[in-house]
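Right, one structure below, let's go through it.
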Amino acid sequence: MADASRALGFSRAKGYDLARRGEFPCRVLRIGRSTRVVTASLLRVLESGEPEYNSARPDTAPS
């Protein structure tokens with residue numbers, strides 16, 4: 001997560017904040033307490049400059 005945030009030009013803290021809000025510019029997976037960035041998604045975003053947001057935001061998921 002820290003490396004992906006740095007590659008996109010913002011701090012680690014900002015990256016985690018964006019991921020928490022579902023606004024990180026590429027796909028993010030939460031595995032237990034870990035947050036992981038999908039490498040293929042990061043590469044596509046870096047190549048195209050177009051964000052690739054997660055399709056489901058955590059605050060809108062059904063209970």
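The model shown is predicted, which means the values in this text are computed figures rather than measured ones. Along the sequence shown, residues are numbered consecutively beginning with 1.
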Pair up each side-chain donor or acceptor in residues 35-43 with any protein partner under 3.5 Å, not counting sequence neighbours, and list the distances.
unit_1 : atom_1 : unit_2 : atom_2 : d
S41    : OG     : R27    : N      : 2.9
S41    : OG     : E52    : OE2    : 2.5

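- Within the structure, the ring-ring contact (aromatic ring centres under 6.0 Å, His included) test picks out the following pairs touching residues 2-21 (sequence neighbours left out): F10-F24.
- Counting all heavy atoms, side chain and backbone alike, A19 lies closest to R30 at O-NH2, 2.6 Å.
- A 4.5 Å side-chain heavy-atom check between L8 and P25 finds at least one atom pair inside the cut-off.
- Put simply, CE on M1 and CG on L18 are 7.5 Å apart, with the number rounded to the nearest 0.5 Å.
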